[in-house]
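For reference, the structure I am asking about is given below.
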Amino acid sequence: MDFVAGCIGGAAGVLVGHPFDTVKVRLQVQSVDKPLYRGTYHCFQSIIRQESMFGLYKGIGSPMMGLTFINAIVFGVQGNTMRLLGHDTPTNQFLAGAAAGTIQCVICCPMELAKTRMQMQGTGEKKSSRKLYKNSLDCLARIYNREGLRGVNRGMVTTLIRETPGFGVYFLSYDVLTRSLGCEPDDRYMIPKLLFAGGMAGIASWLSTYPVDVIKSRLQADGVGGVNQYSSIADCVRQSVRREGYMVFTRGLTSTLLRAFPVNAATFATVTLVLMYARGTEEGPQDCEPAPPSHHTQIQQQAQPSSL
């Protein structure tokens with residue numbers, strides 16, 4: 001039931017956060033010489049005007065498809081790592097989260113590659129005259145036929161560099177916040193506290209690894225027009241800094257932070273409601289009690305979103 005609740009909660013998070021992710025990717029990879037968007041709000045406005053509301057949801061099929069596998073990996077690895085480490089401490093939460101983040105990259109990297117390519121397709125067009133990819137699966141199939149496994153796993157190293165510490169920081173932040181705020185079974189503010197802790201943990205996680213995400217997006221979007229601009233991670237960093245300065249590493253940060261809190265809030269709220277409905281109001285809230293280590297670990301596994 002925990003796994004099912006996590007999947008449903010993660011799906012809710014994707015639905016809420018995908019428009020912000022589309023804006024983030026567009027801002028991260030747009031040309032500095034001929035920028036299409038002046039900022040987060042202008043990007044939102046332009047996409048809706050030029051491509052309709054559906055433009056904000058381009059590429060949503062990929063994260064939705066990868067959701068179940070990512071949840072399975074994250075929940076399984078994090079739970080087993082915590083049991084292996086034996087003690088529910090902040091350090092162990094970081095290590096367990098880092099392990100989960102590392103393993104789930106196997107699914108996360110190809111999923112985000114397809115998402116990025118779909119998000120960039122038909123930029124500025126309400127109805128694309130020529131669609132290169134029909135959907136996320138077709139996108140991955142075409143990339144595989146053209147570039148093989150290496151092409152499908154484009155950006156894997158940067159994904160690992162982002163996800164390993166990112167998930168570690170997420171679990172650590174959530175652990176520290178839930179311990180500090182307290183979460184008693186009879187606390188009327190228990191759910192808002194969990195939502196706040198999850199949202200802030202998501203923001204902390206993104207802030208810790210955001211520069212790497214900019215490089216990852218650029219590498220995965222590279223070659224969309226048929227020409228590869230970057231030869232390696234170092235070359236991407238070098239060219240980006242030379243042309244746009246160090247502020248390039250904050251491209252799309254506003255939309256990312258705006259997305260981080262509601263995505264985690266939607267995920268936590270959905271997980272909590274599903275568990276309370278399935279187990280009954282008496283048993284559901286008790287899982288949030290932080291006093292026993294086993295319960296504290298359990299609520300983190302239940303509430304962890306599939307994608308930061």
Side-chain angles (χ1 to χ4, degrees), residues 1-3 5-10 12-13 16-17 71 74-101 104 163-209 257 259-279 281-308:
M1 195 61 233
D2 296 341
F3 172 72
C7 287
I8 297 172
V16 171
N71 272 285
V74 169
F75 294 157
V77 173
Q78 199 272 345
N80 285 318
T81 304
M82 283 301 296
R83 281 190 286 274
L84 186 65
L85 293 172
H87 300 287
D88 181 14
T89 64
T91 301
N92 286 349
Q93 288 290 348
F94 178 87
L95 293 174
Q104 60 96 42
E163 297 290 81
T164 301
F167 269 87
V169 169
Y170 182 90
F171 274 96
L172 172 64
S173 303
Y174 182 65
D175 180 76
V176 170
L177 284 167
T178 49
R179 288 176 189 272
S180 302
L181 292 170
C183 185
E184 301 300 329
D186 57 348
D187 187 353
R188 61 186 294 187
Y189 298 113
M190 178 192 66
I191 292 177
K193 285 179 180 179
L194 288 175
L195 297 179
F196 177 77
M200 293 307 294
I203 287 174
S205 177
W206 271 112
L207 286 173
S208 68
T209 58
L257 297 183
R259 166 183 174 258
F261 200 98
V263 162
N264 284 279
T267 303
F268 274 80
T270 306
V271 167
T272 303
L273 289 172
V274 169
L275 288 173
M276 288 178 70
Y277 176 79
R279 297 176 173 178
T281 54
E282 290 298 319
E283 187 180 351
Q286 289 178 2
D287 286 337
C288 302
E289 186 178 359
S294 60
H295 288 314
H296 186 75
T297 304
Q298 187 179 16
I299 188 61
Q300 288 183 318
Q301 293 174 341
Q302 289 167 355
Q304 168 66 18
S306 65
S307 178
L308 296 177

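Computed over heavy atoms, backbone and side chain alike; hydrogens, waters and symmetry mates excluded. All residue numbers in this chain count up from 1 along the given sequence.
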message = So does Gly166 get a backbone contact from the side chain of Thr209, meaning a donor-acceptor N/O pair under 3.5 Å?
response = no
message = Please check if the number of heavy atoms outside Phe196 that lie under 6.0 Å from its CZ is greater than 12.
response =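 Incorrect, the count does not exceed 12.
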query = For the residue pair Ser208 and Val169, what are the closest heavy atoms and their distance?
reply = OG-CG2, 3.8 Å
message = If you compare all heavy atoms of Gly17 against all heavy atoms of Val263, which two are closest, and at what distance to 0.1 Å?
response =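 In terms of heavy atoms, the two residues are closest at CA-CG2, 3.2 Å.
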Check: Ala201 main-chain N/O paired with Ser205 side-chain donor or acceptor under 3.5 Å = no
query = Closest heavy-atom contact between Thr89 and Asp175?
reply =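 For Thr89 versus Asp175, the nearest heavy atoms are C-OD2, 4.4 Å.
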request  = Quick one: pull up CZ in Phe167 and CD in Gln78 and give me the separation to the nearest 0.5 Å.
outcome  = 10.5 Å
inquiry  = Evaluate Met200 against Leu177 for side chain to side chain contact (heavy atoms under 4.5 Å, CB included), listing each step before the verdict.
reply    = CA-CA 9 Å; Met200 293 307 294; Leu177 284 167; 3.8 Å; yes
request  = Taking all non-hydrogen atoms of both residues into account, name the closest pair between Val16 and Pro262 and its distance.
outcome  = CG1-CB, 3.8 Å
Distance in Å, Trp206 CH2 paired with Arg259 CZ, rounded so as to fall on 0.5 Å steps =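 Separation between the atoms: 5.5 Å.
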query = Can you check whether Thr178 reaches Lys193 side chain to side chain, under 4.5 Å on heavy atoms?
reply = no
query = Shortest non-hydrogen contact from Ala197 to Leu181?
reply = CB-CD1, 4.4 Å
ask   = Hey, what do you get for CE (Met82) to CG (Asn92), rounding to the nearest 0.5 Å?
value = 5.5 Å
request  = Mind checking the CG-CG spacing from Leu95 to Leu85? Nearest 0.5 Å is all I need.
outcome  =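 Rounded to the nearest 0.5 Å, the CG-CG separation comes to 6.0 Å.
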query = Are any non-hydrogen side-chain atoms of Tyr174 and Leu194 less than 4.5 angstrom apart?
reply =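 Of all side-chain heavy-atom pairs linking Leu194 with Tyr174, at least one is under 4.5 Å.
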ask   = Can we say Asp88 and Arg83 salt-bridge, meaning some charged N sits less than 4.0 Å from an Asp/Glu carboxylate O?
value = no
request  = Please report the closest heavy-atom contact between Gln104 and Gly101, naming both atoms and the distance.
outcome  = NE2-O, 3.2 Å
